[in-house]
Amino acid sequence: MSECGAEGQYVHITPFSLVKYPNLAKALVHQWGHLRWGLFDEYSETESPTFRHEKSFYSSEGTFKPNTCSNRIKGRFSKQCYVGNEKCLLRNGVPASDCKFCPSAPSDTTTSIMGYYYLNGISQFCDKASSSVDAAEHHNTKADTLQNRLCDGRSAWEVMRLHPDFNNLAAGSPSMVTVPTFNIVQQGNQKVVIVMDISGSMSMPYQRLQLEEPSIGAGLREGIKCLTDASASTRGSILLLISDGDEQDYPRISTVRQEVVDSGVVVMSLAFTDQSDIQMVDLATSTGGRSFLYSGLSTSTALLDAFWQSTTVVGDRKHSQNLIQSGAITVSSSNPYSGSFIIDSHVGEDTTIVLSGDRLSFLTITITSPSTYRSDQCDVTSCRLRIPGIAKTGNYTFTVTSTSNSDSNIIYSIQSKQREDNSKGIVTISWTSGGVVDMSKHNLVKMFTSVMRSGAPILGANVTAVFDGSSRQLQLFDNGCGADALENDGIYSAHILPKYLTGNGRTSAKVIVLNKDGSATLIVPLGRRKRSTESLENIKLTTIKADLFERTILSEEVTVINYDASNTNDILAPSKITTLEIISSNSIYRRFGLRFKAVGDDLDDGRATAYDVRMSHDFDKLLEDVNNTHRVMDNITTPQDPGRYEYISVDLPTRYSTYYIGVRAMDENNNTGEMSNIVSLSVITDTQWLVKRGATSSAQVWNRAIIFLIFPFLIHLKF
């Protein structure tokens, strides 16, 4: 997941869910809220395989209340919702981490689809409380839910109204037919055609159209015709469009754009230098494809990386090619190059080292470990070494040598297909939050990289990105702070700061994902169900060591504007803190312990200077008039590096009031981040909080007994 309001990439629904799920229709709407409108959950139940422990309660009015969008949902706190009725225990004055809220009948509420949607009667999304909104649909801004934390307390409808599906649209007619249409599709043989508007002779293992005279629009039409001649349907086929200049002739891209969209072809655009037409980017996006840029720099591997990434069979894990490594090197007779790479247990078929560049006929590739292989004589146009059969798992050492005294500037790539007997490969995908980085408006873009195996997150990988022409590595983290919305979901994130760029114009970044030191782990279920009707509540998650592995991918291009290298003013504030939570409560001394994760000096980067902790009786005042609230000065820690836990303690002035607290980070120039998620503090005076919210009937328990599966829905949210 990336950010509030961000559209997703896909939803993965298990076959069991489609066949056995008792509330499939509402479950699909719930997941559509994630996928289409970028909504987050409004309950504490975990839908995907992560180690996030969302709390079931928040402290308010002398008691513990459940984290629900609507405060009308009744239920009970218990260690077990589906089997037994073991009471929750207090640990350090707050409910223990295994304490769950078990909802019963929804009473007179109809919300929320993003919360306990499987309850009878739940049918609506929450909305901001007002006289024009039914009270049963009022959003609870004070609950400690992901929706409140990551969407600044906004309700689902407040976020949805900003989406083009609803923004500035008139209400529909009650008689409008809204029954959805589902298209069931299956992956077939995928075809690839390459359309180039430049002259030259690139050796490509795919059918290509090389266009010297016709326009780009004409080339697109010819590409679709080529695909049509090869098969009855073009839908899902790949068209790689390569251009090195602006459009000069008709028909242009805009003329044939709708034809291309209607054909169902996925366009991947590769810009040969940033002078190529920007409409290529829009065309790729509108067809579900991606756009890449090759800067032309001698050290850039983007051309080879983009070509590999664009022509790899999409969705076919069995035959998919994985780019293990790529790089730019210089070799001569006195300056050989030695490197290493990793082959993990998921790849190994058709493992090949490919060299491109000048003076190839003088080169030789040799692998010396774990087995010895040597390339045949390279010629003027080609130099490669293929490991026969299935390459063994392990670390490989390779050397590129030359018999020439002159330097050869070489781009190399190492590729390997997935093993035939292994359908559970490592999948890495990288994307950005937007296409334009405007330095004058502080409109910074985020980069995301998903690292998964069989839909399960890989934790602790080393993920870095380097932009063309830059030597600085941008580190991406899966730590739940700064640019990263959720910890341990397998999506690594970072802001793209000015120091990682080199100037105005279009650029792209190579992303390298590594587990060389063996520190990465994979989330797996600790046990399996014995039968399909068995409760899943007791199935726990654990981690196992992941294979040593490496992958290389190319992130889509971005355009930088208003870049000024001479401007050294510190204008970037620390990121917003979204991880503030209660960890202890002492009723005698009215003292609460809280923790949160540190953010950076410039968003995620560097170390902040100080924390500004604010407290008020008025929830809204912390958001709208924070400078006129009480500043807590005692027991405030000095900022640590981003991602580290910070601990503070706060004493309440009185016992019988609810207070609200938030924190924001500041840098050395008093640039101040946004107010954090707000936490409510109230000394517990209600000794019956465990039993007051009503009981859950056995029928209601049984109806929910098969609600959640291990890995039932896997959602990746994208801007």
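Position 1 is the first residue of the sequence, and the numbers go up from there.
- A pairwise comparison of heavy atoms in T287 and V267 identifies OG1-N, 3.0 Å as the closest pair.
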Test Y492 against Q475 for side chain to side chain donor-acceptor pair (under 3.5 Å), laying out the working first. CA-CA 9 Å; Y492 297 73; Q475 189 79 41; over 6 Å; no
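- With hydrogens and angles ignored, the 3.5 Å screen pairs no side-chain donor or acceptor of D604 with any backbone N or O of A494.
- Between S333 and N405, the side chains place a donor N or O and an acceptor N or O closer than 3.5 Å (distance only, hydrogens not considered).
- Using a 4.5 Å heavy-atom threshold, the side chains of T502 and F467 count as separate.
- In this structure, R374 contributes its side chain and T364 its backbone to no donor-acceptor pair below 3.5 Å.
- Contact check for L497 versus L572: side-chain heavy atoms found under the 4.5 Å cut-off.
- For S404 (side chain) and S406 (main-chain N/O), a donor-acceptor pair under 3.5 Å exists by modelled atom type.
- With a 4.5 Å cut-off on side-chain heavy atoms, L220 and L283 count as touching.
- Using a 4.5 Å cut-off on side-chain heavy atoms (C-beta onward), T301 and S413 make no contact.
- Under the 4.5 Å side-chain criterion, counting only non-hydrogen atoms from C-beta, P498 is in contact with M439.
- Rounded to the nearest 0.5 Å, atoms CD1 (I353) and CD (Q415) are 10.5 Å apart.
- A donor-acceptor pair under 3.5 Å is absent between the side-chain atoms of S382 and the main chain of D379, judged by distance alone.
- Without hydrogens or angle criteria, K392 side chain to S371 main chain gives no donor-acceptor distance under 3.5 Å.
- Within the model, atoms CG of D358 and CG of L363 stand 8.5 Å from one another, a figure rounded to the nearest 0.5 Å.
- Counting only distance, with no hydrogens or angles, the side chain of T552 and the backbone of I324 share a donor-acceptor pair below 3.5 Å.
- Using a 4.5 Å cut-off on side-chain heavy atoms (C-beta onward), Q9 and I429 make contact.
- The line from OG1 of T432 to CZ of F448 is 8.5 Å long, rounded to the nearest 0.5 Å.
- Two residues are said to be in side-chain contact when any heavy atoms from C-beta on lie closer than 4.5 Å; L554 and S508 meet this criterion.
- At a cut-off of 3.5 Å, with distance as the only test, a side-chain donor of T330 or N409 sits close to an acceptor on the other residue.
- The main-chain N or O of G490 is found under 3.5 Å from a side-chain atom of D478 such that the two form a donor-acceptor pair.
- One N or O on the side chain of T285 and one on the backbone of V281 form a donor-acceptor pair closer than 3.5 Å.
- Here I365 contributes atom CD1 and Y412 contributes atom OH; the two are 11.5 Å apart, rounded to the nearest 0.5 Å.
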May I have the step-by-step check of salt bridge (Lys or Arg N to Asp or Glu O under 4.0 Å) for R257 and D282, ending in yes or no? CA-CA 9 Å; R257 181 180 182 278; D282 174 68; 3.0 Å; yes
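- Heavy-atom contacts from other residues, nucleotides or ligands closer than 6.0 Å to CZ of R252 number more than 12.
- Checking side-chain atoms of N504 against main-chain N and O of Y563 turns up a donor-acceptor pair under 3.5 Å.
- Between the side chains of D305 and Q309, no donor-acceptor pair is found at a separation under 3.5 Å.
- The two residues G600 and P642 come nearest to each other via the heavy atoms CA-CG, 3.7 Å.
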Between D468 and S300, is the side chain to side chain donor-acceptor pair (under 3.5 Å) condition met? List the steps. CA-CA 6 Å; D468 258 7; S300 174; 2.9 Å; yes
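- Atom-to-atom distance recorded for S416:OG and I414:CD1 is 10.0 Å, nearest 0.5 angstrom.
- Side chains of S332 and R359: a donor-acceptor N/O pair is absent below 3.5 angstrom, by distance only.
- There is a side-chain donor-acceptor pair under 3.5 Å between S493 and D484.
- Contact of the V511 side chain with the M447 side chain is registered, since non-hydrogen atoms from C-beta on lie closer than 4.5 Å.
- M280 and L241 make their closest contact through CE-O, 3.6 Å (heavy atoms, listed as atom of the first residue, atom of the second, distance).
- Residue G643 comes nearest to N479 through the heavy atom pair CA-ND2, 3.8 Å, listed as atom of the first residue, atom of the second, then distance.
- Aromatic ring orientation, Y294 versus F272: perpendicular (interplanar angle above 60°, classes split at 30° and 60°).
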Step-by-step salt bridge (Lys or Arg N to Asp or Glu O under 4.0 Å) determination, D602 to K499: CA-CA 11 Å; D602 296 333; K499 71 179 186 180; over 6 Å; no
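- Across all non-hydrogen atoms, the minimal contact from S340 to Q325 is O-NE2, 2.9 Å.
- Between T352 atom OG1 and L385 atom CG the span is 8.0 Å, to the nearest 0.5 Å.
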Test D344 against R551 for salt bridge (Lys or Arg N to Asp or Glu O under 4.0 Å), laying out the working first. CA-CA 10 Å; D344 57 82; R551 297 289 188 273; 2.8 Å; yes
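- Other residues, nucleotides and ligands place more than 12 heavy atoms under 6.0 Å from the NZ atom of K516.
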How far apart are the C-alpha atoms of T255 and R221, what are their side-chain angles, what is the distance that settles it, and do they pass the side chain to side chain donor-acceptor pair (under 3.5 Å) test? CA-CA 11 Å; T255 307; R221 282 176 172 167; over 6 Å; no
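- Here the shortest heavy-atom pairing between K510 and S326 reads NZ-O, 3.0 Å.
- For T234 (side chain) and I224 (main-chain N/O), no donor-acceptor pair under 3.5 Å exists by modelled atom type.
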